[in-house]
Amino acid sequence: MATTPPTRSPELRKDPVTNQWVIFSPARAKRPSDFKSKSPENPNNNSSSCPFCIGNEHQCAPEIFRVPPDPNWKLRVIENLYPALSRKLDHPNGQNDDSSSELSGLGWVVAGFGFHDVVIETPVHSVQLSDLDPSKIGDVLIAYKRRIEQIKQFDSIKYIQVFKNHGASAGASMSHSHSQMLSLPIVPPSVSTRLNSMKEHFNQTGKCSLCQVQSKDLLINETSHFFSIAPYASSFPFEIWIIPRDHSSHFDELDNKKAVDLGGLLKLILKKMALQLNNPPFNFMIHTSPIQVTDSELPYSHWFLQIIPQLTGVGGFELGSGCYINPVFPDDAAKILRELNVPI
Ligand code: AMP
Ligand code: ZN
Ligand code: ZN
């Protein structure tokens, strides 16, 4: 008969930032340190036919800008060849042919205007984001900022989601290191829920919930301007958040110095994740505030970067309930990652 080692009791936690319930169920897992990815890290993609490689620019959708602005570029921001939204709509504010329909009048239909951009993070196919120097990762972060500043000029864009898919099971179709920016004519419900949840915490405590995260048990690494934690109610095993130390509502408040600092921490965390979890596919998302926020929302709006290694699938329970089952308590994940030494 199989015997199972004693484990911590299951516990349900609600995250004060995302407002999501998570079931911590260690009995469903092997030991936290035994977590390893089994998925191949990258989709098959041959560098000789890769449109994102230097020299193959003609195979790409139009360029928005490159850094530096000469043939020997280090990063490029380009239009997505298969964009989810159209940058060429005649009526970006939603006055399409359907505007007389009942659902449109009620605000349930909005024209699909938006920008879907790709950030090619390096000219070289075999180089991953975590291989770059902190200052070069900082350049990628500053490219996001520069593009956000351009897109902010469009009144009909309400939210800009920056994200990275790395590895096939994290949704990547291209193996050349890249990230994406999707600029939306709506504020996604998860963003509104997050702001409402942070507002509730602020009303109850007088403090911003992310300024207040100070638990030593959840800390992984810190720098002058940022700290990384395994969040208190992590939805996924080894989920990591990188949070600016100073209160800041929008990612595009990042300056050059802080971008290099963040680049260093992001590099360290990605290296640690790769070493500990066997190069897992992963996603990162920058959770910033909607472009138009009111002065009263600013005291509790604080941006952060979320990293999710793809180690467990999402099943019917998660899809049905919106609650996640996480077999690894965040303090166990934080301790393992905090104590891990990686060659940088
Ligand atoms: P991912 O699927 O996460 O790897 O992101 C890669 C993105 O690049 C996808 O959204 C594709 O639509 C886009 N893409 C693929 N080929 C090209 C290309 N030649 N020029 C511009 N975008 C492309
Ligand atoms: Zn390539
Ligand atoms: Zn704050």
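Order of listing sets the numbers, starting from 1, for every ligand and every atom in it. The basis for the numbers below is simple: all heavy atoms, side chains too, and nothing from hydrogens, waters or symmetry mates.
Two different hydrophobic clusters hold I151 and V293 under the rule that ILVMFWY side chains link at heavy-atom gaps under 4.5 Å.
For H125, the N/O/S atom at the shortest distance from the Zn ion (ligand 2) is named ND1. Restricting H176 to its N, O or S atoms, the one at the least distance from the Zn ion (ligand 2) is ND1.
The ring pair (Phe, Tyr, Trp, His ring centres under 6.0 Å) analysis of residues 307-341, with sequence neighbours excluded, yields the pairs F24-F329, F236-Y324.
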Quick one: do D117 and R147 satisfy salt bridge (charged side-chain N to carboxylate O under 4.0 Å, His left out)? Show the steps, please.
CA-CA 9 Å; D117 306 324; R147 184 64 184 138; 2.6 Å; yes

Salt bridge (charged side-chain N to carboxylate O under 4.0 Å, His left out) assessment of D331 paired with K216:
CA-CA 9 Å; D331 43 312; K216 282 203 162 41; over 6 Å; no

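Listed for the K258 side chain is no donor-acceptor partner under 3.5 Å among the backbone atoms of H225. Proximity of a side-chain donor or acceptor of S156 to a complementary backbone N or O of P185 within less than 3.5 Å is not detected. Judged purely by atom type and a 3.5 angstrom limit, S289 uses its side chain to pair as donor or acceptor with the backbone of S249.
Listed by chain and number, the protein N, O or S atoms at a distance under 2.8 Å from the Zn ion (ligand 3) are C208 SG, C211 SG, H247 ND1, H302 ND1.
At most 12 heavy atoms of other shown residues, nucleotides or ligands fall within 6.0 angstrom of atom CG in N341.
Between atom OH of residue Y300 and atom NE2 of residue H247 there is a gap of 10.0 Å, rounded to the nearest 0.5 Å.
In this structure, ligand 1 sits under 4.0 Å from heavy atoms belonging to P51, F52, Q59, C60, A61, I78, E79, N80, L81, Y82, V118, N165, G171, A172, S173, M174, H178, Q180.
Applying the side-chain contact (heavy atoms from CB on, under 4.5 Å) test to I291 and every residue at least two apart in sequence or in another chain returns K152, I157, I160.
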